[in-house]
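Following: one structure in structure tokens, then a few remarks.
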Amino acid sequence: MQGIFGFFDPSCSMGVETLLSMSRAMGGSFGRNTAIEQTPVGGIGIIKYTETPLVSVSDTGVSYVVYGQLDSLGAGVGGIPPDDIAKHCFGGEAPRDLDNIRGSFVSAIYNPYEKAITLINDRFGGHPIYLFNHEAVWYFASQLKAILAVLPVKATVDQDSVATMLSIGEVVGDRTLIEGLSVLPAASVVKFSSEGKQSYRYWEYTYQEQPDLNWQDSVVKAGEALLCAVRRNTHNAQSLAVPLSGGLDSRFVFDIASQVGKRPKAYTWGVSDCRDIRYARDITRRLDCPHEVYTFQSDYLATLAERGVWLTEGHTSSTNFHVLPYVDTLYENGHDVLLDGFAGDVVLGGNFISSGWLNSDSIESSSKALWQWRRKGFDNNWHHHGLKELQEKARKIFSDTYCQYPGNTPMDKAMSFLIDNRLRRTTTCGTEIFRSKLHVRQPFMDVDFMDAICNLPHRWRIRHRFYLDVIRQFAPLSAAAPYQRTMLPASSPYWVSWFSLGLQRALGSISACRGVTDIVHGKSPSDFPAWFRGPLRSWAESILLDEKTLDRGVIPADVVRGAVSLHMNGGSNLSSQIGTMISLELFFRLFLDDLERSIKQYSEVGVSGE
């Protein structure tokens with residue numbers, strides 16, 4: 001994986017071999033795709049695959065590495081060419097103009113005068129950076145495997161993170177699956193020096209709705225901001241790939257990329273009769289753009305799950321590895337940039353908004369409603385007596401974390417929470433798989449676009465009402481194609497879409513009628529409920545019912561057996577729960593049981609683009 005790594009050691013007891021070991025764990029090869037600098041108080045390093053990695057040194061003698069994109073500085077800081085942004089922001093006596101940077105990045109800086117190492121990430125924490133402290137030494141890296149590879153102490157499992165994973169399939173806050181190993185909060189500056197660790201947030205995402213906004217003016221503002229974001233994120237792209245589903249997010253950025261003259265190539269994957277494939281074909285036909293379609297092999301997890309866990313580091317269910325079978329193909333096809341519709345439904349849409357937190361004046365009740373939404377989406381709120389204590393612990397962690405976020409109303413607070421948790425910690429796992437091979441750009445997370453829409457009235461966003469109007473006006477060709485949720489063109493009148501959703505629910509409930517279910521089938525691009533009962537059954541059971549898993553005790557053995565039995569016998573759909581348990585157990589095997597073997601198998605063989 002590409003990224004940065006290093007350590008701060010005021011005792012000067014560790015040498016360059018520590019940097020080399022961290023690089024090796026991430027797939028680096030010194031002298032080929034890795035650059036490092038040993039300093040009197042530690043060291044910094046960077047891995048890049050598609051360009052020469054550099055440790056830059058400014059005129060002031062400050063050394064720095066940057067991974068990600070520095071596209072431009074905001075209007076308040078003019079006259080600085082893109083190539084000089086890093087030097088301007090990171091090469092001085094102190095970091096400056098950080099909140100003006102447009103782009104997603106992480107940076108490590110060594111200041112020889114202060115004998116200090118400083119870490120900085122972008123506004124939204126789009127690239128993770130992990131931290132671990134042992135005695136006076138601080139380790140940091142874009143991948144936690146790099147830290148685990150050099151720890152002088154035995155790593156232990158973070159039980160709180162296991163509790164939230166088993167309850168909602170997510171890790172909450174800045175935790176990881178390793179106790180004491182955390183992820184740097186978004187928009188952070190962390191400085192390590194003889195005075196210890198000092199940190200602050202240079203910016204904070206805040207959603208504050210303004211009910212008196214004009215609808216049409218806001219539609220134009222949002223559409224034009226996304227147009228500029230796509231242009232900014234693709235201006236240097238020579239060969240642009242877009243993962244295209246049947247939803248709204250990917251079609252919107254795909255359409256706009258076509259409008260700005262990039263003629264992207266679309267890729268779609270799923271089961272043969274899914275809506276994603278049907279509707280993506282319609283979109284590419286209307287836009288006259290190349291398109292490749294791939295059909296899932298129902299047993300692909302059996303051979304690829306370990307690699308998926310290695311890349312996502314256990315932070316998501318193995319049922320979310322949809323892109324994994326095809327990321328190599330995109331790389332081999334010569335694309336230099338992948339344009340991702342990441343987060344559009346959260347930041348601009350609003351299908352997830354419920355009355356429980358939209359109409360509530362109570363932080364406590366809105367927290368409860370938000371928790372129930374995440375629980376409902378995770379295996380229909382399945383309960384097991386062996387999980388009761390873990391779920392209660394997870395609920396409290398979830399609620400306490402939610403309450404820490406800014407916002408004048410519970411819904412404002414919910415948006416800040418979702419951006420920082422749901423997107424930064426969970427949804428981004430798919431992005432990390434893409435990043436193992438490609439440069440990924442995410443226009444919906446563009447700074448100027450996010451600033452343009454962070455005050456929309458929440459009621460506008462319910463059921464994508466505002467979002468659909470923006471697409472109709474700024475992407476009319478792709479809006480004319482059906483989308484997966486309503487099975488109708490995105491340009492359809494809003495009341496017709498509502499009627500379609502109600503009709504689908506009614507037809508879906510009449511499952512005994514032959515032919516009726518065929519009308520509403522194909523909503524999901526995968527079929528893990530059936531796959532875990534069929535072609536993946538023996539593989540899943542070989543992991544979850546193995547003595548190693550049951551004796552480990554991290555996941556209660558009766559919970560594992562109960563979930564497997566209930567799902568395999570058709571009593572309930574627990575595919576997300578099973579997928580999460582598989583990810584957890586594979587994480588323990590790969591990262592804790594035999595990390596050295598895993599590094600040799602998954603980092604040294606070049607899974608990251610060598």
Side-chain angles (χ1 to χ4, degrees), residues 156-183 314-320 352 354-357 360-405 407 410-411 413-414 416-418 420-427 429 544 549-567 571-585 587-588:
T156 58
V157 175
D158 186 284
Q159 297 292 342
D160 289 348
S161 295
V162 172
T164 59
M165 283 289 288
L166 292 174
S167 299
I168 57 174
E170 303 172 14
V171 175
V172 176
D174 298 325
R175 298 172 178 82
T176 70
L177 291 172
I178 301 298
E179 188 174 352
L181 204 160
S182 62
V183 65
H315 290 141
T316 191
S317 168
S318 58
T319 56
N320 294 328
F352 56 89
S354 75
S355 59
W357 23 303
S360 174
D361 293 327
S362 165
I363 298 300
E364 182 179 351
S365 61
S366 62
S367 172
K368 182 178 179 181
L370 191 61
W371 168 257
Q372 288 300 325
W373 170 61
R374 298 309 310 138
R375 288 283 294 127
K376 184 179 180 181
F378 189 67
D379 288 340
N380 299 314
N381 217 4
W382 178 59
H383 295 279
H384 185 283
H385 64 87
L387 278 178
K388 184 176 181 180
E389 185 176 340
L390 288 176
Q391 289 174 348
E392 180 55 32
K393 178 193 290 188
R395 186 201 60 76
K396 187 177 187 309
I397 293 169
F398 186 93
S399 178
D400 291 347
T401 305
Y402 165 77
C403 291
Q404 296 171 10
Y405 283 85
M411 187 63 215
K413 187 181 286 287
S416 298
F417 174 82
L418 290 173
D420 199 47
N421 279 271
R422 178 70 178 161
L423 295 185
R424 180 175 70 101
R425 298 307 317 278
T426 303
T427 313
C429 287
L544 295 180
T549 304
L550 300 175
D551 292 345
R552 193 184 300 278
V554 177
I555 309 172
D558 59 334
V559 171
V560 177
R561 292 191 184 99
V564 171
S565 175
L566 187 60
H567 181 84
S572 187
N573 173 17
L574 299 183
S575 55
S576 294
Q577 186 71 249
I578 289 173
T580 298
M581 291 179 180
I582 288 172
S583 282
L584 288 172
E585 177 57 27
F587 174 84
F588 302 144

From CG (D361) to OG (S366), nearest 0.5 Å
9.5 Å
Only pairs at least two apart or in different chains count here, so list each side-chain hydrogen bond (donor to acceptor under 3.5 Å, both in side chains) that has a residue in residues 162-173.
E170-R374, E170-R422
Between L418 and W373, which heavy-atom pair has the shortest distance, and what is it?
CD2-CZ3, 3.6 Å
Hey, what do you get for CG (L550) to CG (L544), rounding to the nearest 0.5 Å?
8.5 Å
Run the side chain to side chain contact (heavy atoms under 4.5 Å, CB included) check on F588 and T549 step by step: do they pass?
CA-CA 9 Å; F588 302 144; T549 304; over 6 Å; no
For T176, enumerate each residue passing the side-chain contact (heavy atoms from CB on, under 4.5 Å) test, keeping only those at least two apart in sequence or located in another chain.
Y130, L144, I178, L181, H315, R425
Does the side chain of Q159 come within less than 4.5 Å of K393's, by heavy atoms?
yes
CG/L370 to NZ/K413 distance, rounded to the nearest 0.5 angstrom?
11.5 Å
Backbone N or O of L423 within a donor-acceptor pair of the T426 side chain at under 3.5 Å?
no
Would you check if the side chain of S362 reaches a backbone N or O of S365 as a donor-acceptor pair within less than 3.5 Å?
yes
Heavy-atom check, side chain of S161 versus side chain of I397, under 4.5 Å
no
What residues, two or more places apart in sequence or in another chain, satisfy salt bridge (charged side-chain N to carboxylate O under 4.0 Å, His left out) together with D400?
K396
side-chain contact (heavy atoms from CB on, under 4.5 Å) involving N421 - partner list, sequence neighbours excluded
V172, T401, Y405, F417
What's the spacing between K368 NZ and F398 CZ if we round to 0.5 Å?
13.5 Å
From OG (S399) to CZ (R395), nearest 0.5 Å
6.0 Å
With side chains defined as the heavy atoms from C-beta onward, is the minimum distance between Y402 and P410 less than 4.5 Å?
yes
Can you find a pair of side-chain heavy atoms, one from V559 and one from H385, that are under 4.5 Å apart?
no
Expected output: side-chain S583 to main-chain S318 donor-acceptor under 3.5 Å:
yes
At what distance, to the nearest 0.5 angstrom, does SG of C403 lie from CD of E364?
8.5 Å
Do the side chains of L584 and L177 get nearer than 4.5 Å, heavy atoms only?
yes
Under a 4.5 Å cut-off applied to non-hydrogen side-chain atoms, are V554 and E585 in contact?
no
Could I get the full list of side-chain contact (heavy atoms from CB on, under 4.5 Å) partners for D174, not counting sequence neighbours?
V183, P185, R424
What do the steps show when you test M581 against L166 for side chain to side chain contact (heavy atoms under 4.5 Å, CB included), and what is the final call?
CA-CA 7 Å; M581 291 179 180; L166 292 174; 4.0 Å; yes
pair H567-S575: side-chain heavy atoms closer than 4.5 Å:
yes
Hits for side-chain contact (heavy atoms from CB on, under 4.5 Å) against E179, two or more places apart or cross-chain, chain-then-number order -> T156, D158
Check: Q391 and H384 side chains under 4.5 Å, non-hydrogen atoms:
no
